[in-house]
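Have a look at the structure below, then the notes.
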Amino acid sequence: MQSIYAMHQKNSDEIEKEEKFLYHSIDNILDLYLIMVSSLIEIKKKEVVFLETSSKKHLATPEEKNPNKKFINNAVLQILEESNSISISLETRKINNWSMNDDYILILLNEVKKSELYQNYMQTKTSTFEEDKQFVVDLFTEVIAPNDKLYEYLEDNKLTWIDDIPMVNTQIQKQLRQIKEGDEFRVPKLYKDQEDKEFVSLLFRKTVLNEIELAKEYIDKTPNWDSERIAEIDTIILKMAICEFLKFPSIPVKVTINEYLELAKEYSTPKSSIFINGILDNLVKDFTNEGKMKKSGRGLL
């Protein structure tokens, strides 16, 4: 949707160039994922250094000489640190953001140690695996992911990440909740399979190359709206949804409608989702009656 909108704004017809950037921006999601998940590892490492340095001070206190190591011994943090999948991915993709900007890790560590969550966790020196896991999930959700300084850093690093941050954080939360004792943490694939990757190009190209035809499908369904008054994002959303209705037989109608209503709520005007829902509902009825929409598989209507 954003790529098509960008093409409109630039009056561009360089579909291959725009498609290349689209794939590039999707590929960058993995970099964002690695940066976020590795922040947990780097926070733990910084605390290890802090405890070691404190214990070697000339006038170290008894607590500094014998600190509570529950945080740095957290079983889930250790699983992340020992993950070959993470370390190989970081090296392969040359992700070294935290070695270049470790001041942000220190900021995050400080926020972690100030949090009530951390204070409660550190009341004891031992814990179960489940307690360790719940602590890391809550730590990521409540302290790290919402941190304003971290968000500003990510926003400055790559503008395309702004919309990807919630998705990436949700994926990390999901994986953290699913970790079991003895598990190896694995970096997920960007695409489920080759067909999944090809869908990106197919939807993009079929929408862009058929915009005039797709627009004709909804123009007559908006008698109370001058076509020029319809928000541009809404026209793109409608074209993409109609494209899925007519040119992607394996995608269920309800899935298409739900996905594009969510896009409308997130990116368009307050009333857009109601407007779009009404048009799509009518189009589904018309396409079905006219035999224009052919869906294959069970439950696709």
Side-chain angles (χ1 to χ4, degrees), residues 30-56 63-93 95-147 149-151 153-154 165-188:
L30 186 54
D31 290 351
L32 173 61
Y33 169 91
L34 290 167
I35 288 169
M36 290 301 295
V37 78
S38 66
S39 69
L40 288 165
I41 299 169
E42 295 304 318
I43 288 168
K44 179 200 170 207
K45 288 180 178 178
K46 282 294 181 189
E47 180 64 0
V48 169
V49 172
F50 173 78
L51 294 180
E52 289 178 351
T53 303
S54 298
S55 68
K56 294 175 182 175
E63 185 179 351
E64 288 172 329
K65 289 180 179 178
N66 186 30
N68 183 351
K69 296 184 178 181
K70 184 177 180 179
F71 176 67
I72 62 173
N73 288 335
N74 179 284
V76 173
L77 292 180
Q78 286 184 333
I79 286 175
L80 295 178
E81 188 174 13
E82 293 168 3
S83 167
N84 287 326
S85 181
I86 292 177
S87 59
I88 290 170
S89 296
L90 288 169
E91 184 175 349
T92 301
R93 299 181 71 85
I95 304 296
N96 59 356
N97 295 63
W98 299 136
S99 62
M100 304 282 288
N101 301 279
D102 67 341
D103 50 323
Y104 285 95
I105 294 300
L106 291 171
I107 290 171
L108 290 173
L109 177 58
N110 186 48
E111 291 300 313
V112 167
K113 294 170 79 171
K114 285 194 316 184
S115 70
E116 185 178 347
L117 183 68
Y118 176 87
Q119 298 297 329
N120 291 337
Y121 178 70
M122 298 298 284
Q123 290 295 317
T124 61
K125 291 193 174 185
T126 59
S127 60
T128 63
F129 182 84
E130 287 304 314
E131 183 187 349
D132 280 355
K133 178 168 72 172
Q134 190 59 54
F135 169 73
V136 174
V137 170
D138 292 341
L139 186 70
F140 184 81
T141 303
E142 299 174 20
V143 181
I144 296 171
N147 186 270
K149 292 290 184 184
L150 177 60
Y151 184 88
Y153 168 74
L154 296 172
I165 292 171
M167 176 181 65
V168 165
N169 287 343
T170 299
Q171 172 63 27
I172 293 172
Q173 288 172 334
K174 179 182 176 182
Q175 286 186 276
L176 290 174
R177 288 193 181 99
Q178 291 175 342
I179 288 180
K180 294 179 181 176
E181 197 165 3
D183 276 359
E184 180 181 348
F185 189 92
R186 293 187 177 278
V187 174

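This chain uses plain numbering: 1 for the first residue, then up along the sequence.
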Main-chain N/O of [Y] paired with [X] side-chain donor or acceptor, under 3.5 Å:
X: Asn120; Y: Glu116; answer: yes
X: Asn96; Y: Ser99; answer: no
X: Asn110; Y: Leu106; answer: no
X: Ser54; Y: Glu64; answer: no
X: Gln175; Y: Arg186; answer: yes

Checklist line | Residue pair Thr141 / Gln173, side-chain donor-acceptor N/O under 3.5 Å | finding: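 Note: Thr141 and Gln173 side chains meet the donor-acceptor criterion.
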Item checked: Any donor-acceptor N or O pair under 3.5 Å, side chains Gln134, Asp138 ->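 Asp138 and Gln134 do have a side-chain donor-acceptor pair below 3.5 Å.
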So how far is it from [X] [atom1] to [Y] [atom2], rounded to the nearest 0.5 Å?
X: Ile179; Y: Glu130; atom1: CD1; atom2: CD; value: 10.5 Å
X: Lys180; Y: Ile79; atom1: NZ; atom2: CD1; value: 12.0 Å
X: Met122; Y: Asn68; atom1: CE; atom2: CG; value: 3.5 Å
X: Lys44; Y: Ile105; atom1: NZ; atom2: CD1; value: 14.0 Å
X: Ile86; Y: Leu34; atom1: CD1; atom2: CG; value: 7.5 Å
X: Asn73; Y: Asp132; atom1: CG; atom2: CG; value: 9.0 Å

Item checked: All salt bridge (Lys or Arg N to Asp or Glu O under 4.0 Å) counterparts of Lys113, not counting sequence neighbours ->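 Listed in chain order: Glu47.
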Next item on the list: Apply salt bridge (Lys or Arg N to Asp or Glu O under 4.0 Å) to Asp31 and list each qualifying residue two or more places apart in sequence or on a separate chain.
Entry: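 In terms of salt bridge (Lys or Arg N to Asp or Glu O under 4.0 Å), with neighbours along the sequence ignored, Asp31 is linked to Arg93.
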Next item on the list: Decide if atom CD of Gln119 counts as having more than 12 heavy atoms of other residues, nucleotides or ligands within a radius under 6.0 Å.
Entry: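 It does: Gln119 CD has more than 12 such atoms within range.
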Notebook entry, point to check: Would you call Lys133-Glu131 a salt bridge at under 4.0 Å N-O?
Noted result: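 Salt bridge: no.
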Next item on the list: Over all heavy atoms of both residues, which pair between Ser85 and Val187 is shortest? Give the atoms and the distance, please.
Entry: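 Reported closest heavy-atom pair: OG-N, 2.8 Å.
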Margin query: Using the rule side-chain contact (heavy atoms from CB on, under 4.5 Å), only one of Ile172, Leu139, Val136 pairs with Ile144; which is it?
Written below: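 Of the listed residues Ile172, Leu139, Val136, the side-chain contact (heavy atoms from CB on, under 4.5 Å) partner of Ile144 is Leu139.
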Next item on the list: In sequence, state the C-alpha distance, the side-chain angles, and the governing distance for Lys70 and Ser127, and then conclude on side chain to side chain donor-acceptor pair (under 3.5 Å).
Entry: CA-CA 8 Å; Lys70 184 177 180 179; Ser127 60; 4.6 Å; no
Going by heavy atoms in the side chains, are [X] and [Y] under 4.5 Å from each other?
X: Leu109; Y: Glu42; value: no
X: Leu80; Y: Leu176; value: yes
X: Phe185; Y: Glu82; value: no

Next item on the list: Check side chain to side chain contact (heavy atoms under 4.5 Å, CB included) between Asp102 and all other residues, then give those that pass, not counting sequence neighbours.
Entry: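 Listed in chain order: Lys46.
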Note to self: Taking side chain to side chain contact (heavy atoms under 4.5 Å, CB included) as the definition, give me every residue that meets it alongside Thr92, ordered by chain and number, with sequence neighbours left out.
What the structure shows: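 Residues passing side chain to side chain contact (heavy atoms under 4.5 Å, CB included) with Thr92: Ile88.
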Item checked: Selection residues 101-131 - residue pairs positive for ring-ring contact (aromatic ring centres under 6.0 Å, His included), sequence neighbours left out ->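 Residue pairs with at least one partner in residues 101-131: Phe71-Tyr118, Tyr104-Tyr153, Tyr121-Phe135.
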Margin query: The test is side-chain contact (heavy atoms from CB on, under 4.5 Å); show your working for Val48 and Lys45 and say whether it passes.
Written below: CA-CA 5 Å; Val48 169; Lys45 288 180 178 178; 5.5 Å; no
Checklist line | Residues which pass side chain to side chain donor-acceptor pair (under 3.5 Å) with Ser38, listed by chain and number, not counting sequence neighbours | finding: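 Partners of Ser38 by the side chain to side chain donor-acceptor pair (under 3.5 Å) criterion, ordered by chain and then number, come out as Trp98.
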